[in-house]
S.K.: 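Sending over a structure as structure tokens; questions will come in a sec.
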Amino acid sequence: MQYYGNVFRPPSEARSLIVQATVGCSHNSCTFCYMYKDDDFRIRPLEDIKKDLIEMSSYKDYFERIFLADGDALVLKTEDLLEILKTIKEYYPNVNRVSSYATAQDINRKSLEELKTLREAGLEMLYIGFETGDEDLLKEIKKGITYDEYVSAMKKAKEAGFKTSVTIIAGLGGVDGMEKNAVGTAKLISETKPDFLGYLTMRIYKNTPLYADYISGKFKMPDAGEILEEMKIFLENVDSEGTVFRSNHASNYVLLAGNLNEDRETLIKAIEKTLKKKNFRPDVLRGF
Ligand code: SF4
């Protein structure tokens, strides 16, 4: 089994077999992102991916899920992904979910028919980092995607039958962009209604372009209270019936879990209570 560089996976894939289909992220330009800055993007040879899967199949009974890493395994050619899914079916009969990160660009590049074929072959869940729904902020962070492209990617993914898990980031627009980030993101989530939504909190990493803006004072990092105010604005504006909502990432100042829209008021009250008591999760528990 071969792993190259930094390997990341969503929290819900903690018990999954992680197989690198690519190394790094095909976009790798987002100004806030530290994840794959040390890795030159490449697609691994299909034979190597299959070799890893076959080698690890002696432990097949340990795994119920497989996660195809790295940053966006959906960038692979459809025929190669189908070959990987076929190998998984053959060697891991007990696996009940295969998932991967995907960029909206990857989804939009594939036809609906291709996506449907992948879904039928066993790829079930796509994790997509929206980060924000604010058009200006999407440009600023060099996400390489527009609001409308997110909407069409989600429509296509859903029509093909995929489950979608989306992440957004409170504080991404800094102090000056708090309200715009919250309102724009609420609009995008309301329009796309993902199955799962993870609300993360902005953190600044030294190996990112955003760090220079932070040091120069151009980017003003919101404090804990401001982050929670932003999350509150988001929740007050979002309308995404049926979405499972979580803010239980290491980065968060408050841990929240519920279903939209039914738990929205409870979630807002939990934020208000934390703001009043100022009992934010301490940095030591937030991975600092
Ligand atoms: S945020 Fe996602 S798309 Fe952007 S560089 Fe990082 S891994 Fe790639």
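Both counts, for ligands and for their atoms, begin at 1 and track the order of listing. In what follows, residues are counted from 1 in the order of the sequence shown. Worth saying up front: this structure is predicted, and the values here are computed from it rather than measured.
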S.K.: Within a distance under 4.0 Å of any heavy atom of Glu131, pick out the atoms of ligand 1 and give their elements.
M.R.: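 Numbered from 1, ligand 1 contributes 1 (S).
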S.K.: Sub-3.5 Å donor-acceptor pair from the side chain of Thr274 to the main-chain atoms of Glu272, do we have one?
M.R.: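 Checking the backbone N and O of Glu272 against the side chain of Thr274, no donor-acceptor pair under 3.5 Å is found.
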S.K.: Identify, with sequence neighbours excluded, every residue that meets side-chain hydrogen bond (donor to acceptor under 3.5 Å, both in side chains) alongside Asn94.
M.R.: Asp61
S.K.: Do you know which two heavy atoms are closest between Ala121 and Leu82, and how far apart they sit?
M.R.: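 In terms of heavy atoms, the two residues are closest at CB-CD2, 3.6 Å.
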S.K.: Judged by modelled atom types alone, do Glu13 and Ser99 share a side-chain donor-acceptor pair under 3.5 Å?
M.R.: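 Side chains of Glu13 and Ser99: pair found under 3.5 Å.
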S.K.: How far is atom 2 (Fe) of ligand 1 from the closest protein heavy atom, and which atom is that?
M.R.: Lys143 NZ, 3.8 Å
S.K.: If you define the side chain from C-beta out and look only at heavy atoms, does anything of Val166 sit under 4.5 Å from Asp195?
M.R.: no
S.K.: Over all heavy atoms of both residues, which pair between Gln105 and Lys143 is shortest? Give the atoms and the distance, please.
M.R.: NE2-O, 3.6 Å
S.K.: Pull up every protein N/O/S atom sitting under 2.8 Å from atom 8 (Fe) of ligand 1, skipping waters.
M.R.: Cys25 SG
S.K.: Against ligand 1, does Phe32 come closer than 4.0 Å with any heavy atom?
M.R.: yes
S.K.: Answer yes or no: is there an ion pair linking Glu83 with Lys50, defined by an N-O contact shorter than 4.0 Å?
M.R.: yes
